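Below is one structure; the comments refer to it alone.
Please read all numbers here as calculations on a predicted model, not as lab measurements. Computed over heavy atoms, backbone and side chain alike; hydrogens, waters and symmetry mates excluded.
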Amino acid sequence: MTEDIQKACEIMQAGGIILYPTDTIWGIGCDATNEKAVQKVYELKKRTDNKAMLVLTDSSAKLSMYVSDMPDIAWDLIEVADKPLTIIYPHAKNLASNLLGEDGSVGIRVTNEEFSRKLCERFRRPLVSTSANVSGEPSPGNFSEVSDSIKNGVDYIVKYRQDDMSKAKPSNIIKLGDGGVIQVIR
């Protein structure tokens, strides 16, 4: 795992993209502050960049670095979540602009899974975490379901958990709007 984390960090620091296991499904990742790297992910997924991608971080303490006005309800949602939860926050900051929603929002998930948490800690920046599939195709439940086009399109494939055949699921998604509006997306 240590070697995978080191190599993945080197690739992302150089503007590359990786294929890696997360607390949910396998993801395509890059430095969430690097617009060129984010653009590479959109191109690989054959996805228009008006569909925002989410960000992964290792600690709720880091959220204020990426969200201007942190809604109080977010802390409660994070605390009571019993499975992976992505929260879409209004007013993102310090992230690649092509990563954000048209309204300036960003989806962020705090990961508790060992590999992705350690990767975020070591990289010291948020990671893009988008499903490892071409846009419109099914999300892969495990590494064996990731298409060759995705595997061939990344700069590094993490070896850790490739043999895990359990079927992972995407996170729940909740959008927090101005004025305390809460919307369940998934």
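You'll find the side chain of S68 reaches within 4.5 Å of the side chain of K93, heavy atoms only. A heavy-atom distance below 4.5 Å is found between the side chains of T24 and S171. Here the side chains of H91 and S105 are not in contact, with every heavy-atom distance at 4.5 Å or above. A heavy-atom distance below 4.5 Å is found between the side chains of M12 and L119. When side chains are defined from C-beta on, P138 does not count as touching N133, because their heavy atoms never get closer than 4.5 Å. Taking the side chain as every heavy atom from C-beta outward, R109 and V55 never approach each other to under 4.5 Å. By the 4.5 Å heavy-atom criterion applied to side chains, E114 and M1 are counted as neighbours. Side-chain contact between K169 and K83 is absent, with no heavy atoms from C-beta onward closer than 4.5 Å.
Ion pairing of R117 with D58 is absent here, as no side-chain N (NZ or NE/NH1/NH2) approaches a carboxylate O to less than 4.0 Å. Classification of K118 and E113 as a salt-bridged pair fails, no side-chain N sitting under 4.0 Å from a carboxylate O.
Proximity of a side-chain donor or acceptor of D4 to a complementary backbone N or O of V158 within less than 3.5 Å is not detected. One N or O on the side chain of Y42 and one on the backbone of N98 form a donor-acceptor pair closer than 3.5 Å. Looking at R161, its side chain does come within 3.5 Å of a backbone N or O of T22 through a donor-acceptor pair.
In this model, no donor atom of one side chain and acceptor atom of the other lie less than 3.5 Å apart for R47 and S135. Between the side chains of S131 and K45, a donor-acceptor pair is found at a separation under 3.5 Å.
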Report the C-alpha separation of I108 and T86 in whole Å, then their side-chain angles, then the decisive distance to 0.1 Å, and conclude whether the side-chain contact (heavy atoms from CB on, under 4.5 Å) test is met.
-> CA-CA 5 Å; I108 303 177; T86 300; over 6 Å; no
Steps toward side-chain contact (heavy atoms from CB on, under 4.5 Å) verdict (K40, C30) = CA-CA 9 Å; K40 288 181 191 177; C30 70; over 6 Å; no
Test log, rule side-chain contact (heavy atoms from CB on, under 4.5 Å), inputs K175 and D103 = CA-CA 12 Å; K175 183 171 185 172; D103 60 358; 3.0 Å; yes
Decide yes or no on side-chain contact (heavy atoms from CB on, under 4.5 Å) for V41 and T130, but give the supporting numbers first.
-> CA-CA 9 Å; V41 174; T130 185; 3.6 Å; yes
Before giving the answer on side chain to side chain donor-acceptor pair (under 3.5 Å), spell out for E137 and S147 the whole-Å C-alpha distance, their side-chain angles and the decisive distance to 0.1 Å.
-> CA-CA 10 Å; E137 293 180 0; S147 71; 4.8 Å; no
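Atom CZ of R124 sits in a sparse spot, with 12 or fewer heavy atoms from other residues, nucleotides or ligands closer than 6.0 Å. Within a 6.0 Å sphere centred on NZ of K36, heavy atoms belonging to other residues, nucleotides or ligands number 12 at most. Shown here is K46, whose NZ atom has no more than 12 heavy atoms of other residues, nucleotides or ligands within 6.0 Å. Heavy atoms from other residues, nucleotides or ligands lying under 6.0 Å from NZ of K62 number more than 12.
Distance OG/S60 to CD1/I78: 5.5 Å, rounded to 0.5 Å. Atom CG of D69 and atom OG of S64 lie 11.5 Å apart (nearest 0.5 Å). Within the model, atoms OG1 of T33 and CG of L127 stand 10.0 Å from one another, a figure rounded to the nearest 0.5 Å. The CG atom of L77 lies 5.0 Å from the CD1 atom of I174; values are rounded to the nearest 0.5 Å. Between atom CG of residue L19 and atom CD1 of residue I11 there is a gap of 12.5 Å, rounded to the nearest 0.5 Å. Summarising the geometry, atom CG belonging to L44 is positioned 11.5 Å from atom CD belonging to Q39; distances are rounded to the nearest 0.5 Å.
Connection of I25 to L56 is not established within any shared hydrophobic cluster, with ILVMFWY side chains joined at heavy-atom distances below 4.5 Å, either directly or through further cluster members. Cluster membership check: V128 shares its hydrophobic cluster with I87, using side-chain heavy-atom separations under 4.5 Å among Ile, Leu, Val, Met, Phe, Trp and Tyr. No single ILVMFWY cluster, assembled from side-chain heavy atoms under 4.5 Å apart, contains both L176 and I173. Y160 and F143 are members of different hydrophobic clusters when ILVMFWY side chains are connected at heavy-atom separations under 4.5 Å. Cluster membership for I17 and F115, using ILVMFWY side-chain heavy atoms within less than 4.5 angstrom, is not shared.
Of all heavy-atom pairs spanning E35 and S97, the tightest one is OE2-OG, 2.7 Å. When all heavy atoms are compared, the tightest approach of C9 to R122 is SG-CG, 3.5 Å. Here the closest heavy-atom approach between residue P71 and residue Y89 is recorded as CD-CD2, 4.1 Å. Between T111 and S116, the closest heavy-atom pair is OG1-OG, 2.7 Å. A96 and L100 make their closest contact through O-CG, 3.8 Å (heavy atoms, listed as atom of the first residue, atom of the second, distance). Between I150 and A132, the shortest heavy-atom contact is CG1-O, 4.0 Å.
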